[in-house]
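Below: the structure, in structure tokens.
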Amino acid sequence: MVGLLKNYIEQFGKDALFDTDKLIEFLTDKEVNKKELYQIVLILKCGNISDFVERNDKKLQA
């Protein structure tokens with residue numbers, strides 16, 4: 001998934017990450033797992049990536 005996101009950014013620029021319709025189309029064409037795809041889109045739309053990462057880090061440490 002990380003490699004695909006890197007390719008997307010290289011192709012369209014980092015601001016294109018927030019064009020979620022374009023991102024969904026790109027990742028769907030690459031046959032990405034739908035659950036992972038919608039998790040990424042949800043995080044981007046919420047605009048609180050750092051909060052999401054912090055919550056997940058705490059779960060991993062527990």
Side-chain angles (χ1 to χ4, degrees):
M1 176 62 82
V2 173
L4 288 174
L5 290 175
K6 183 178 178 184
N7 291 343
Y8 180 81
I9 292 169
E10 289 171 353
Q11 188 172 354
F12 300 108
K14 66 180 180 179
D15 290 336
L17 275 176
F18 299 101
D19 183 350
T20 53
D21 291 334
K22 186 179 215 173
L23 179 61
I24 288 170
E25 182 179 336
F26 177 84
L27 293 175
T28 300
D29 289 344
K30 305 296 184 199
E31 298 182 9
V32 170
N33 177 300
K34 296 269 188 209
K35 182 179 177 183
E36 291 177 349
L37 172 64
Y38 289 116
Q39 286 174 339
I40 289 170
V41 170
L42 179 62
I43 291 167
L44 290 171
K45 284 187 175 190
C46 289
N48 60 353
I49 294 171
S50 62
D51 290 346
F52 177 80
V53 171
E54 287 175 18
R55 281 196 305 272
N56 280 333
D57 285 345
K58 289 176 185 174
K59 287 180 184 177
L60 293 174
Q61 292 172 359

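The side-chain contact (heavy atoms from CB on, under 4.5 Å) search around I24 returns T28, L37, Y38, V41, not counting sequence neighbours. Scanning for ring-ring contact (aromatic ring centres under 6.0 Å, His included) contacts around F12 gives Y8, with sequence neighbours left out. Taking the side-chain contact (heavy atoms from CB on, under 4.5 Å) definition, one finds that N33 meets it with K35, E36, sequence neighbours left out. Taking the side-chain contact (heavy atoms from CB on, under 4.5 Å) definition, one finds that Q11 meets it with F26, sequence neighbours left out.
To the nearest 0.5 Å, the span separating CG on L4 from CD on E31 amounts to 11.0 Å. Atom CD1 of I43 sits about 13.0 Å away from atom OG1 of T20, to the nearest 0.5 Å. The CG atom of L27 lies 10.0 Å from the NZ atom of K34; values are rounded to the nearest 0.5 Å.
Here the side chains of I40 and V32 are not in contact, with every heavy-atom distance at 4.5 Å or above.
Shown here for L44 and L17, the closest heavy-atom pair between the two residues is CD1-O, 3.3 Å.
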